[in-house]
Amino acid sequence: MDHRPQAWGRPRDDVYGAYDHSFMNTNSHPNQHTQQPLVTGTSVLAVKYKDGVVIAADNLGSYGSFARFTDVKRLHTFQDTSVVGFSGDISDMQYITRHLHQKSIEESYASSSANKKSRLSAANLHTYLSKMLYRRRSKMDPLWNHMLVVGFDDDEKPFVGSADLLGTTFTAPTLATGIGSMLAQPLLRTYAGTDEEAAERTKEEAIKVIQECMKVLFYRDARSQETYSLAVVSREGVEMKTSEKLENMSWAFADRIKGYGTQTV
Amino acid sequence: MSAMFSQNPVMNGPNYSFSDAPRTNNGEFREHRFNPYSDNGGSTLAIAGADFCIMAGDTRHTSGYSINSRMAPKVFRIGGSNSDQSDATIALSVCGFAADGNALRDQLDTVCKIYRYRHGKPMSVHACAKRLSTILYNKRFFPYYTHAMLGGIDEEGKGAVYSYDPVGSYEREQCRAGGAAASLIMPFLDSNVNFKNQYVPGSGVGHELKERERHPLSRPVVETIVKDAFDGAVERHIEVGDNLQMMVITKDGIEEIMLPLKKD
Amino acid sequence: MTSIGTGYDLLNSIFSPDGRNFQVEYAVKAVENGGTSIGIRAKDGVVLAVEKIIGSKLLKPGANKRIATVDEHAGVVYSGMVPDGRHFVDRARDEAQSWRQTLKTPIPTSELASRMGSYLQAYTMYGSVRPFGITAIVGGVDGSGDEVIDGVVGSGPSTGAGGKVDGKHGGPFLYVIEPSGQYWGYYGAATGKGRQAAKAELEKLDLAAGNITLEQAVKEAAKIIYNAHKDNKDKDFELEMSWISGVDGPTGGRHMEVPQELKEEAERLARAEDESDDEEDEKKDEKMEE
């Protein structure tokens with residue numbers, strides 16, 4: 001008989017072993033918060049032109065290779081002066097857009113007049129978002145996105161900036177995320193390789209090159225879709241279209257492609 | 001299974017079947033870790049002269065084989081009295097993981113600005129160099145993955161270059177190359193700035209040999225060395241190119257020069 | 001003020017024998033001395049307006065706003081002690097934000113009024129606090145229930161289960177919250193020094209019939225404030241007005257200042273009315289003299 005009351009009614013240590021508390025001890029196994037992206041969006045493209053910026057992304061939310069959501073808007077307007085285009089994890093995108101929404105409400109506390117310009121330029125927003133991403137990567141709990149921020153900088157010049165899950169940032173006259181940086185960026189650089197060249201391009205030229213690149217991406221990116229969103233940011237504001245469709249696609253070239261996989265003839 | 005009924009769980013570690021974090025074959029926890037670092041390429045170079053100092057870097061920003069941007073400077077003015085940094089006296093160059101580089105630059109700039117507000121004068125390069133070392137060392141166990149260099153004019157009016165490893169070990173030097181093409185540029189500098197392996201002709205053999213006398217180089221010579229160093233690096237390293245950014249620091253302030261490099 | 005000296009008015013947590021909380025009644029006095037503020041619930045939006053008394057010529061015109069944005073779709077104006085009003089606004093913003101955080105959707109105006117009512121009520125129950133010296137007018141336009149989820153990425157099925165039902169909820173709302181914590185919904189509301197005159201004018205508009213448009217309401221609001229100021233002529237004032245329309249209206253569902261041109265037009269009309277009233281008065285006076 002065990003005379004210690006605290007041992008009564010418990011599994012006997014000599015039969016079952018001492019109770020193991022270690023599963024409650026967080027140091028006994030690794031933290032498991034580091035995630036991976038689940039529902040994802042593919043490339044975002046953006047180019048400058050003389051009076052603004054054009055940005056586009058398709059409306060697909062992929063679950064691995066499964067085309068899970070076909071109506072996902074990945075371009076988000078901020079205060080009618082900037083647009084953020086997201087690739088990567090869709091739930092992190094929603095977290096960020098909600099956060100930005102709250103920020104813009106807080107901005108409107110100070111000034112609610114309609115004719116006053118936003119205090120935050122796209123360049124400011126880009127800095128803000130990249131610090132947010134860098135902070136999270138430093139906590140080893142990243143926001144799994146690569147985004148493009150477009151609009152104007154503090155000197156009222158067109159602005160295109162990139163920020164990714166590591167907090168890496170850069171700007172360029174044309175930018176593309178994900179597979180778009182391989183397939184579309186070379187085409188975009190023929191449209192405008194420098195800011196000087198971009199300053200000579202018209203809105204129509206910018207939209208055209210973006211459409212061509214979306215087409216190339218739809219042909220070759222397995223995680224893409226033909227309905228997409230396209231936004232033009234100019235000094236007048238944001239012109240957002242969310243149900244554009246790629247036209248005049250032709251797969252006639254496909255039967256002439258040879259040399260992949262097991263195909264030998 | 002036998003471990004589950006162990007009499008001494010404390011020594012054997014966790015031994016309940018439901019504590020089943022994934023493990024590798026040799027019993028280690030399998031950790032699919034997020035990699036918080038990347039390499040954004042590029043190269044930097046700093047040379048000190050008698051009364052000036054040149055900090056240089058290319059402006060290419062890469063990820064793997066992709067060029068992200070052709071205009072992403074790596075040399076920054078530090079500790080000016082406002083955001084345009086027009087009255088800065090110190091320059092910092094950072095090479096490696098660009099996000100860490102930017103964070104480091106922001107932190108050092110803040111420190112220098114606070115110093116300026118408190119003391120009513122800019123920080124000396126000597127003090128700033130020590131502070132930068134401390135900042136880097138503070139993140140010893142999650143380092144800023146950068147090769148940093150600091151340039152300025154010291155309290156005697158001489159050009160000063162300090163170079164760092166990612167965890168804050170540092171040294172004042174005559175010149176230093178950093179980043180992707182450091183191993184290409186550094187031997188060139190050894191020869192052309194420090195005259196290594198150069199001896200006075202006819203001064204003897206073996207230990208009798210006299211090294212060629214070193215002297216501080218003039219500004220035009222240093223500028224030429226910098227340009228040549230980068231032209232060479234661009235030729236041989238894919239991560240270097242686009243534009244050459246040079247900051248010339250003299251007692252009158254910092255002058256910035258931007259020159260084209262090959263874009264291929 | 002027969003209660004003075006009886007001792008029942010010294011503490012919030014003590015009732016008088018006839019069941020009154022004198023601290024709350026004194027707070028109402030503070031409101032009655034403040035600049036007039038009004039709110040109009042028109043058929044397609046809400047207008048808020050305030051007679052901002054200018055205490056010094058050294059104050060910058062147009063600065064020191066009295067109408068506050070609480071959330072995108074909601075605004076607040078108040079009469080009484082301005083610092084108390086500021087705190088009220090801070091709390092209202094926190095409530096709106098926490099609602100968004102949990103429900104990912106804008107707070108319904110009724111809910112905002114309810115929460116702020118409860119908040120003010122709590123300041124009538126403890127000996128350690130005093131009630132708010134303000135009466136607040138809360139205006140908002142609620143969405144229809146669809147497409148107002150923050151961060152939503154798609155538009156959902158267009159028909160069938162989960163399909164849309166139009167115009168089920170939403171529209172303009174107006175609430176008044178008093179120092180006691182009591183709040184009611186109104187078509188038109190007025191508080192502050194000139195409330196009696198303002199209420200009389202508001203009643204004439206027959207707002208319950210739903211005939212007044214937002215733009216008309218703006219002009220009426222300006223007239224009412226100018227009219228209410230007549231009894232307070234020795235002091236200078238500035239008119240401050242804000243409005244909220246539905247999503248398809250001029251403000252796109254947001255609470256914002258009335259645009260400069262419209263405000264100037266409304267003030268011009270208000271002044272014209274004022275002068276014609278004066279002329280009529282003068283004529284009457286002349287007739288009486290005759």
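Quick caveat: nothing in here was measured; it's all calculated off a predicted structure. Atom set for the values below is all heavy atoms of this structure, side chains included, hydrogens, waters and symmetry mates excluded.
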Distance in Å, C:T69 OG1 paired with A:E107 CD, rounded so as to fall on 0.5 Å steps =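 The distance works out to 12.0 Å.
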remark   = Distance col, row A:S108:OG vs C:R254:CZ, nearest 0.5 angstrom, shows 8.0 Å
Residue part contacting chain A, namely of C:V89, when any heavy atom lies under 4.5 Å =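 No part of C:V89 comes within 4.5 Å of chain A.
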request  = For atom CD of C:E215, decide whether the heavy atoms of other residues, nucleotides or ligands shown that lie under 6.0 angstrom number more than 12.
outcome  =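 Counting neighbours around CD of C:E215, 12 or fewer heavy atoms of other residues, nucleotides or ligands fall under 6.0 Å, so no.
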inquiry  = Tell me whether A:K215 at atom NZ has more than 12 heavy atoms from other residues, nucleotides or ligands lying less than 6.0 Å away.
reply    =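 Result for NZ/A:K215: enclosed.
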task = Decide yes or no on side-chain contact (heavy atoms from CB on, under 4.5 Å) for A:M93 and C:V153, but give the supporting numbers first.
result = CA-CA 9 Å; A:M93 171 185 87; C:V153 291; 3.2 Å; yes
request  = Go through the atoms of A:I96 and report whether side chain, backbone, both or neither lie under 4.5 Å from a heavy atom of chain C.
outcome  =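 Interface part for A:I96: neither.
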Side chain to side chain, C:R100 and A:R98, heavy atoms closer than 4.5 Å =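 No, side chains not in contact.
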Pairwise side-chain contact, C:D150 with A:Q94, heavy-atom cut-off 4.5 Å (strictly under) = no
message = For a quick test of reading the model, state the closest non-hydrogen atom pair linking C:E72 to A:I105 and the distance between them.
response =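 Scanning both residues, the minimum pair turns out to be CG-CG1, 3.8 Å.
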